[in-house]
Amino acid sequence: EDEGFVDMAYRVIADHIRTLSFAIADGAVPSNEGRGYVLRRVLRRAVRYGRQNLGAELGFFSKLVPKLVSIMGVVFPELVEKQEYVTAIIMDEEESFSRTLDNGLQKFKELAQNVGEDKVFKGTDAHFLYTTMGFPIDLTELMAEEMGLTVDKDGFEAKMKEEQELSAAAHLAKMAGGSGKDMRMVAEQTAHLVSIGVPATDDSEKYVWDKPFEGCTVKALFLGRGETEDKIGFVNQVSQESSTIGVILDKTSFYAEAGGQIYDIGSIKSSNCTIKVTNVQVYGSFVLHIGEVSEGTLSVGDSITCVVDYDRRRPIASNHTMTHVLNYALREVLVKRPEREGKKTNFDVDQKGSLVDEFKSRFDFSWNSQLTPTQIADVEAICRERIAREVPVDAYVAPLADAEKISSLRAVFGEKYPDPVRVVAVTPSPITEILSNPQDAMWSEYSVEFCGGTHLSNTKEAEAFCLLSEEGIAKGVRRIVFVTKEDAKKAMAAAEEFNAKLQAADELKGFELESKTKLL
């Protein structure tokens with residue numbers, strides 16, 4: 001008999017340190033979703049066994065990496081190359097979980113003592129441990145089993161579903177503009193459009209600026225899922241009484257939300273109707289313009305004009321273009337410069353996500369530690385320098401195989417790109433010249449990415465650049481938020497004003513200094 005599950009603990013820890021080390025060396029990191037969440041669960045299971053069943057001290061798990069490397073490194077040299085990185089990731093994750101582990105174990109014991117004669121651990125309690133203490137459900141099930149209990153998995157799933165439904169409801173409310181409608185088009189709606197011969201929306205005009213797009217034809221009108229007798233949601237005519245509606249056109253100049261960039265807004269106008277467009281989404285090959293009828297009626301077959309709010313799009317384009325420049329600057333400061341100085345880095349800067357709107361840009365990237373003040377200043381300096389140099393921004397659609405040969409190309413890991421693919425380059429040379437000599441080291445000095453978003457024509461249009469924050473959001477993933485144009489100018493002015501106050505306070509002493517510090 002394995003008293004205290006000691007033998008089990010040793011075997012689990014040995015297996016899990018191997019699993020995690022190989023996976024992290026291969027590029028995965030613990031996180032809250034996908035394969036990253038699997039790794040997080042594996043690590044937390046091992047740490048719990050070590051702390052609870054073996055009485056191991058905080059940090060024991062990451063200390064096993066060097067021993068694993070000494071045993072397996074000859075056969076798997078990538079473990080040797082990335083030992084420091086693997087150790088750092090496991091250490092950070094272990095320390096993060098350990099901060100709540102002891103309290104979580106105590107809370108589990110308290111909740112387990114309240115279990116009735118049915119020996120069932122409540123699903124709501126399991127959900128509390130998951131959301132508050134970071135205990136994955138399988139970890140709670142394991143601890144319950146060790147005490148002769150079972151977990152109400154159905155109750156846990158019901159609580160999880162309730163939270164997901166609340167989140168989905170909030171998203172639907174945003175999409176429906178407060179009408180309460182479900183404006184998502186799923187397979188049922190897109191299949192219906194195909195069956196009645198509605199063509200895919202041609203949105204190539206979204207890259208044209210500052211002019212109404214005339215001669216578009218209404219191909220379908222959508223009231224929302226479940227809003228018609230057949231529940232599919234399409235009608236032949238809409239009016240002000242229709243509340244929130246969706247319009248599908250044969251062609252459009254509106255940008256639908258995609259690739260981390262927010263949608264365009266504006267209006268759709270016919271000879272006797274105006275629709276205020278407040279959201280644009282793409283479903284399958286159809287672009288859905290969501291909004292409300294301001295006046296008149298609109299029917300399938302009507303000819304309309306798309307009027308995009310280009311004043312709103314300008315700061316979006318500015319933030320998007322400078323996101324590309326930021327991506328380049330981060331790799332230059334964190335990877336390329338140290339390499340030129342002979343310093344080896346075991347970590348690369350890869351984009352992990354982004355959100356670009358008219359107010360800011362939020363950029364997530366892989367890196368294993370907090371950026372130093374000097375690194376942040378250097379990144380910001382490069383971005384500002386590119387604006388001052390007035391670098392042209394070019395876009396070109398090229399065969400995927402040709403575009404992938406560009407030596408300086410930055411692409412999102414795991415992303416599937418179309419063929420042909422749109423290339424966006426912040427460089428003095430046109431993309432056609434880059435494609436003619438894709439391996440030239442010259443291109444490493446500029447940003448070259450695959451992108452379907454709307455951009456500036458020159459970096460000078462961004463006017464200014466200011467980093468607002470840099471923080472960690474997951475193990476090995478950092479987040480930067482920045483602003484451009486007028487927002488950047490305001491942020492820089494505020495920073496200068498605050499710095500002036502600090503310098504003035506530096507001259508004070510005693511009570512005056514204390515009072516001034518409180519005000520700051």
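Here, residue 1 is the first one in the sequence, and each next residue gets the next number.
Looking only at atom types and distance, the side chain of D364 has no donor-acceptor partner in the side chain of Q351 under 3.5 Å away. Between Q83 and T87, the side chains place no donor N or O within less than 3.5 Å of an acceptor N or O (distance only, hydrogens not considered).
Under the 4.0 Å criterion applied to side-chain N and carboxylate O atoms, R337 and D378 are assigned as salt-bridge partners. A salt bridge links E463 to K485: one of the charged nitrogens lies within less than 4.0 Å of a carboxylate oxygen. Between R11 and D15 there is no salt bridge, since none of the side-chain N atoms of the basic residue sits less than 4.0 Å from a carboxylate O of the acidic one. Salt bridge status for E470 with R478: present, with a side-chain N to carboxylate O gap under 4.0 Å. Electrostatic pairing of R340 and E332 counts as a salt bridge here, judged by a charged N lying under 4.0 Å from a carboxylate O. The residues R384 and E380 are annotated as salt-bridged, a charged nitrogen and a carboxylate oxygen being separated by less than 4.0 angstrom.
Aromatic ring orientation, H455 versus H324: perpendicular (interplanar angle above 60°, classes split at 30° and 60°).
Judged purely by atom type and a 3.5 angstrom limit, D357 uses its side chain to pair as donor or acceptor with the backbone of K360. Formation of a donor-acceptor pair under 3.5 Å by the R479 side chain with backbone atoms of G472 is not found in this model. Side-chain atoms of T427 come within 3.5 Å of backbone N or O of S429 as a donor-acceptor pair. Between the side chain of E404 and the backbone N or O of A401, no donor-acceptor pair lies under 3.5 Å.
Among all heavy-atom pairs drawn from V335 and W367, the shortest one is CG2-CZ3, 4.1 Å. Looking at every heavy atom in both residues, R313 comes nearest to K206 through NH1-O, 2.8 Å.
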Working note: R389 + E385, criterion salt bridge (Lys or Arg N to Asp or Glu O under 4.0 Å); need CA distance, chi angles, decisive distance, verdict.
CA-CA 6 Å; R389 281 174 59 180; E385 180 264 345; 2.8 Å; yes
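If you look at F482 and F465, their ring centroids are closer than 6.0 Å.
Annotation: E57, atom CD; neighbour count of heavy atoms from other residues, nucleotides and ligands within 6.0 Å does not exceed 12. In F22, the CZ atom is crowded: over 12 heavy atoms of neighbouring residues, nucleotides or ligands sit closer than 6.0 Å.
For the pair F363/N327, a side-chain contact is recorded, criterion being any heavy-atom separation below 4.5 Å from C-beta on. Between V356 and S361, some side-chain heavy-atom pair lies under the 4.5 Å cut-off.
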